[in-house]
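Each chain gets a letter, A, B and so on, in the order its sequence line appears, and its residues count up from 1.
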Amino acid sequence: MAKIQAVKGTRDLYPELFRPIRRIFDAWRRASELHGFEEFESPTLEYLDLYREKSGDELVGQLYRLTDAGGRELALRPEMTPSLARMVAAKINALAKPIKWFCIPKLFRGENVQRGRLREFFQWNVDVIGSDSPVADAEVILVGIEALRNLGLTAEHISVHISNRRLIAAILSAAKIDGGEQAGAYALLDKAGKMKSDELATKWNEKFGERLSLDQLREWMEAETIGQLADGVRRKLTMTDELEAATQQTSDVMSALSAFGVGDFCKLDLKIVRGLAYYTGPVFEFFDKSQNERAICGGGRYDDLLGKFGKQQEPAVGFGMGDVVLSLLLEENGLLAEANMSLMVFVADAVEGLRDEVQRVVAGLRRAGVQAEFNYAPQALGKQLKQADKRGATAVVILGDETRERGACQVKLLASGNSTEVTIESLLANPRAAIPFG
RNA sequence: GUGGGUGUAGCUCAGCUGGUUAGAGCACUAGGUUGUGAUCCUAGGGGUCGCGGGUUCGAAUCCCGUCACUCACCCCA
């Protein structure tokens, strides 16, 4: 193929493809602003070191790297959180806390392309920095849910699975599986769904079996409420202060979600682990209930990350929600269609010598806040009407002899074909009244 | 990285067992229609049949290679 096409994993977003994505942006922005988050932006290019030091190996392996003319090693940003952490850390003392920011960056990851996974995509990021309250965790989840509700998704379609890394770590610690060993335990658990169960059991029992049986741990991880889990753990393990605190934190997040009125979307699910290295507390993922798609959204608490950029430690919680899986989900549920109720008017001339008048009326309509279109070159009226129809106009304003004689024009509604005569003066003074729209 | 599927017009595809000048629908442009669109009718533009090689009198079709896209696995923001 000699033609140069769009790079693998990227999209040429023609207007008809970008339209539904823009609708998603609108929902994201509206939800963010309603919940008190402010939009920010950061550079697409970052120093490679930003990710080498702050992100997990997984992400670093997928980085798009480049060297600039000055020999600097750069990368296209694969996630937003390190940039956010840097920006906030640099001004931490000047910013009122809690800091509530959001953004809709384009991100880049050189991963295998498949359903729901591209190499360039949009991702809505929402973060609260400077609060360790479980209510902050809950509010972040709430914004995500509300945006999805804006798009027509309900608790019928999606559920939010909530876990807590700190809680799992505390359980393991209480069972005497400590620091260094925990990574290995996580890795095994993460594979739980994919490995044959006896194979998993063998590996687990080799390393940890004497301290904590796999069956026991899995039973706990299946718990659907924090109370159920806590009861089970108390019966088998000696409670530590950390275990109590982590249990309380998880419970507080769940209650705050109920208080916000979105408890029906949320459930405890300790099987959620999350790949990113920097999560320290509650973590969560949004899934579609049909389980046809990958996670729509993922995030959690990262209390240690800010400290790596500045002298000051700041608690933080946030998530990322990509446009790709969400679009697939909306399409599956027939929610992609956009009811375009906006008013568009096409201005046509029926007789010669009115081109200037067409432009005057078009400019006047636009100044009055109405989207108006016209043909650059003179054309037969029939052609202009055809053109108006193709452009999706609601109404056509036809200038003709009546314009010259009475200063009036014909307003024709394309849906019904009916037309009325109004004066140009009144049309421009109040277009929405003069055009019997809707 | 592993495995499968698919490459023919802008899009969806037909063209199977080789045989004139490669087709259809949709879309696009123009005309039918110099003061009234949608439907309808007519015409037109648009193809190195992914690319390279081989077999053959003859290849979109058969063979080999290659590339691209895509789905799944692995992995996972």
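In this pair, A/Phe108 and A/Tyr64 present their aromatic rings perpendicular. The plane angle is above 60°, beyond the 30 to 60° band.
Going from the C1' atom of B/rA9 to that of B/rG23 covers 10 Å, rounded to whole Å. Here the separation of B/rU29 from B/rC74, taken at their P atoms, is 48 Å to the nearest Å. Taking the P atom of each, B/rG4 and B/rC16 are spaced 26 Å apart, rounded to whole Å. Across the P atoms, B/rG58 and B/rG18 are found 15 Å apart, a figure rounded to whole Å. When the P atom is used for both B/rU20 and B/rU66, the distance is 32 Å, rounded to whole Å. For the P atoms, the distance from B/rG25 to B/rU42 is 10 Å, rounded to whole Å. Remark: the separation of the C1' atoms in B/rC49 and B/rA24 is 16 Å, to the nearest Å. Straight-line distance between the C1' atoms of B/rC41 and B/rG46: roughly 22 Å, to the nearest whole Å.
Atom pair A/Asn418:CG and B/rA38:P shows a separation of 17 Å (rounding to whole Å applied). Protein atom CG of A/Asn112 is 12 Å distant from nucleotide atom P of B/rC74, rounded to whole Å. In this structure, CZ of A/Arg294 is placed 10 Å from C1' of B/rA72, rounded to the nearest angstrom. Protein atom CD of A/Glu285 is 11 Å distant from nucleotide atom P of B/rC76, rounded to whole Å. If you take CZ of A/Arg115 and C1' of B/rG5, they are 16 Å apart, rounded to a whole angstrom. In this structure, A/Gln114 atom CD and B/rC71 atom P are separated by 8 Å, rounded to whole Å. The distance between atom CG of A/Leu118 and atom C1' of B/rC69, rounded to the nearest whole Å, is 13 Å. One atom, CD of A/Gln384, and another, P of B/rG37, lie 12 Å apart when rounded to the nearest Å.
Here the two rings, on A/His161 and A/Phe284, have centers that are 6.0 Å apart or farther. Ring pair A/Phe25/A/Phe122: centre-to-centre distance below 6.0 Å.
With A/Pro134 as the fixed residue, the side-chain contact (heavy atoms from CB on, under 4.5 Å) test singles out one of A/Thr250, A/Asn164, A/Val253: A/Val253. Tested against A/Phe102 for a side-chain contact (heavy atoms from CB on, under 4.5 Å), the candidates A/Val126, A/Asn125, A/Leu84 yield a single pass: A/Val126.
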Given the rule in the salt bridge (charged side-chain N to carboxylate O under 4.0 Å, His left out) test, do A/Glu373 and A/Lys390 qualify, once you have shown the distances and angles that lead to the verdict?
CA-CA 12 Å; A/Glu373 267 297 349; A/Lys390 272 182 198 160; over 6 Å; no
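Counting distance only, with no hydrogens placed and no angle test, the side-chain atoms of A/Arg117 and the base atoms of B/rC76 include a donor-acceptor pair under 3.5 Å.
Between the side chain of A/Lys97 and the backbone N or O of A/Leu95 there is at least one donor-acceptor pair closer than 3.5 Å. For the pair A/Gln182 (side chain) and A/Ile177 (backbone), a donor-acceptor distance under 3.5 Å is present.
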In the 5'-to-3' direction, what one-character label does each nucleotide of nucleotides 27-36 of chain B receive under the scheme B = base within less than 4.0 Å of a protein heavy atom, S = sugar-phosphate only, - = no such atom?
--S-S---BB
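If you find the closest nucleotide of RNA chain B to A/Lys8 and to A/Val324, the one lying nearer the 5' end belongs to A/Lys8.
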Dot-bracket notation for RNA chain B is requested: 5' to 3', Watson-Crick or G-U wobble pairs only, both distances under 3.5 Å, with ( ), [ ], | and . as defined.
(((((((..((((.....[...)))).(((((.......))))).....(((((..]....))))))))))))....
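Here A/Arg404 does not pair with A/Glu357 in a salt bridge; the nearest charged N to carboxylate O distance is not below 4.0 Å. Ion pair A/Glu16/A/Arg22 not flagged as a salt bridge, since none of the NZ, NE, NH1 or NH2 atoms sits closer than 4.0 Å to an Asp/Glu carboxylate oxygen.
Using a 4.0 Å heavy-atom distance criterion, A/Ala395 is classed as making no nucleic acid contact.
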